[in-house]
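See structure below.
On a predicted model such as this, the values are computed, not experimentally measured, just so you know.
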Amino acid sequence: MTAPLSLQSAHLINSALTFGYVLPLYFTKYTRLSFSRSTENENDQSPSKGASERLRDDPAVIKARMLSVFVSTMASLCLMHRVIVAGQSQEFDRGWATTTAHLGFYVRGRDLPACLVTPVLFLGPLYARYLSRNLPFMARWTFNKQVTDIFNWIFIRNYIVGPISEEVVWRSCLIVAYRLAGASNTLMVFFTPLSFGSAHLHHIWETYNVHRRSYHQALRRAILLTLFQFTYTTLFGFHSAFLFIRTKSLLPSVSAHIFCNIMGVPQLQAELRMYPHHRRQIAFAYVAGIVLYIYGMFSWT
């Protein structure tokens with residue numbers, strides 16, 4: 001049976017959606033970042049913000065970029081709708097129902113166990129947070145602060161708009177495009193996340209400019225941090241793509257993205273130094289998390 005989409009067309013959609021998500025962030029003065037050209041003490045490890053600067057965590061910049069991302073995501077959905085229903089004699093509403101089904105826009109009880117796969121991988125870091133009494137409703141966790149953070153623009157960007165929009169574009173849209181092209185699961189799991197990781201490479205410009213006034217080797221620092229982010233986001237992309245392909249639902253991928261953004265990068269060495277009397281327990285929790293993760297990836301999805 002002939003695939004409804006060629007592999008070359010899937011590659012073109014991949015490029016269009018990736019550039020369509022990132023490039024608009026630089027189209028207007030409202031979404032672009034601006035940096036001061038002044039120089040400061042190179043030994044200053046905490047560069048302060050200049051009066052004329054617009055940084056990524058400024059509320060005005062966040063809101064403008066979220067609007068840009070919303071438009072880009074909706075454009076990606078419209079493109080995939082046209083691709084999915086092309087050649088089908090369906091009414092528009094029914095066509096959108098077909099599109100949402102392809103893109104995994106539903107919540108099913110059978111998909112909920114897949115949402116636990118990512119948390120079990122972080123069993124080690126979660127145990128370290130337990131030791132620090134920093135889990136919800138423990139001594140160092142304050143309800144008022146958490147509620148305040150929910151109404152913070154950084155929180156909305158990092159834990160709502162960012163994860164949902166990125167998973168819609170790089171999981172729902174791109175994986176479905178390659179699926180329509182007859183691509184193998186291996187290609188979809190290990191190739192599509194490369195564009196997801198590449199979409200974070202533009203942060204090198206921001207990192208360089210933020211630290212240029214304070215670090216003599218700002219470019220080197222920017223390259224290393226950006227390469228690390230590319231590697232981490234690509235690895236996460238492998239994980240998220242696997243979840244989406246196994247479940248055909250976007251829910252596990254979005255929940256995994258939000259959870260990873262909350263937890264950050266595991267800090268095993270720092271945790272071992274911080275709790276020397278619990279080194280074995282921490283190491284065991286990390287190993288147990290990896291074992292349960294491998295089991296869950298095939299048994300819970």
Quiz item: Out of curiosity, Ile13 CD1 to Thr18 OG1, how far, rounded to the nearest 0.5 Å?
Solution: 11.5 Å
Quiz item: Regarding Arg65 and the six-membered ring of Tyr26, is the cationic atom NZ or CZ under 6.0 Å from the ring centre and inside 45° of its axis?
Solution: yes
Exercise. Only counting residues at least two apart or in another chain, list the ones meeting ring pair (Phe, Tyr, Trp, His ring centres under 6.0 Å) with His11.
Key: Tyr178, Phe191
Quiz prompt | Contacts of type side chain to side chain contact (heavy atoms under 4.5 Å, CB included), residue Ala288, not counting sequence neighbours | solution = Leu123, Phe284
Self-check item: Partners meeting side-chain hydrogen bond (donor to acceptor under 3.5 Å, both in side chains) with Thr28 (sequence neighbours left out)
Solution: Thr31
Exercise. Can you sort out the partners of Asp57 under side-chain hydrogen bond (donor to acceptor under 3.5 Å, both in side chains), two or more places apart, ordered by chain and number?
Key: Arg157
Self-check item: Close side-chain approach of Tyr208 and Thr226, heavy atoms under 4.5 Å
Solution: no
Quiz item: According to a 4.5 Å side-chain heavy-atom criterion applied to Ile, Leu, Val, Met, Phe, Trp and Tyr, with indirect links allowed, do Leu77 and Met80 form part of one hydrophobic cluster?
Solution: yes
Quiz item: Taking everything shown except Arg280 itself, do over 12 heavy atoms lie less than 6.0 Å from its CZ?
Solution: no
Quiz prompt | Pairs meeting criterion ring pair (Phe, Tyr, Trp, His ring centres under 6.0 Å) with involvement of residues 115-136, two or more places apart | solution = Phe122-Phe259
Quiz prompt | Side-chain H-bond candidate by donor/acceptor type, Ser165 with Tyr21, under 3.5 Å | solution = yes
Practice problem: Heavy atoms only: give me the nearest Asn158-Asn261 pair and the separation to one decimal. | Solution: O-ND2, 2.7 Å
Quiz item: If you round to the nearest 0.5 Å, how far is CG of Leu219 from OG1 of Thr207?
Solution: 11.0 Å
Let me check something: any side-chain donor-acceptor pairs from residues 228-246 under 3.5 Å, sequence neighbours excluded? List them with distances.
{"residue": "Thr231", "atom": "OG1", "partner": "Leu227", "partner atom": "O", "Å": "2.9"}
{"residue": "Thr233", "atom": "OG1", "partner": "Gln229", "partner atom": "O", "Å": "2.7"}
{"residue": "Thr233", "atom": "OG1", "partner": "Phe230", "partner atom": "O", "Å": "3.1"}
{"residue": "Thr234", "atom": "OG1", "partner": "Phe230", "partner atom": "O", "Å": "2.7"}
{"residue": "His239", "atom": "ND1", "partner": "Tyr293", "partner atom": "OH", "Å": "2.9"}
{"residue": "His239", "atom": "NE2", "partner": "Thr118", "partner atom": "OG1", "Å": "2.8"}
{"residue": "Ser240", "atom": "OG", "partner": "Glu167", "partner atom": "OE1", "Å": "2.6"}
{"residue": "Ser240", "atom": "OG", "partner": "Arg171", "partner atom": "NE", "Å": "3.2"}
{"residue": "Ser240", "atom": "OG", "partner": "Ser253", "partner atom": "OG", "Å": "3.3"}
{"residue": "Arg246", "atom": "NE", "partner": "Thr301", "partner atom": "OG1", "Å": "3.0"}
{"residue": "Arg246", "atom": "NH2", "partner": "Phe298", "partner atom": "O", "Å": "2.9"}

Quiz item: Sequence neighbours excluded, which residues qualify as ring pair (Phe, Tyr, Trp, His ring centres under 6.0 Å) partners of Tyr286?
Solution: none
Quiz prompt | For Arg108 against Ser249, the heavy-atom pair lying closest together | solution = NH2-CB, 3.9 Å
Exercise. Check side-chain hydrogen bond (donor to acceptor under 3.5 Å, both in side chains) between Ser6 and all other residues, then give those that pass, not counting sequence neighbours.
Key: Ser9
Quiz prompt | Distance, nearest 0.5 Å, that separates NE2 of His257 from CD1 of Ile262 | solution = 11.0 Å
Quiz item: Looking at Ala181 and Ala10, what are the two nearest heavy atoms and their distance?
Solution: CB-CB, 4.0 Å
Quiz prompt | Exceeds 12 heavy-atom contacts within 6.0 angstrom, atom CZ of Phe19 | solution = no
Quiz prompt | Single hit among Leu250, Thr100, Thr99 for side chain to side chain contact (heavy atoms under 4.5 Å, CB included) with Ser172 | solution = Leu250
Quiz item: Is there a side-chain contact (heavy atoms from CB on, under 4.5 Å) between Leu103 and Val168 once you walk through the steps?
Solution: CA-CA 8 Å; Leu103 298 179; Val168 166; over 6 Å; no
Quiz item: Under the salt bridge (Lys or Arg N to Asp or Glu O under 4.0 Å) test, which residues partner Arg220, sequence neighbours left out?
Solution: none
Quiz item: Listed by chain and number, what are the side chain to side chain contact (heavy atoms under 4.5 Å, CB included) partners of Ser76, not counting sequence neighbours?
Solution: Leu17, Val169, Cys173
Quiz prompt | Test side-chain hydrogen bond (donor to acceptor under 3.5 Å, both in side chains) applied to Ser195 - qualifying residues, sequence neighbours left out | solution = Asn14, Trp170
Quiz item: Of all residues at least two apart in sequence or in a different chain, which pass the salt bridge (Lys or Arg N to Asp or Glu O under 4.0 Å) check with Arg279?
Solution: none
Exercise. Mind telling me whether His203 and His200 have parallel, tilted or perpendicular rings, with 30° and 60° as the class edges?
Key: tilted
Quiz item: Do the side chains of Leu25 and Leu33 get nearer than 4.5 Å, heavy atoms only?
Solution: no
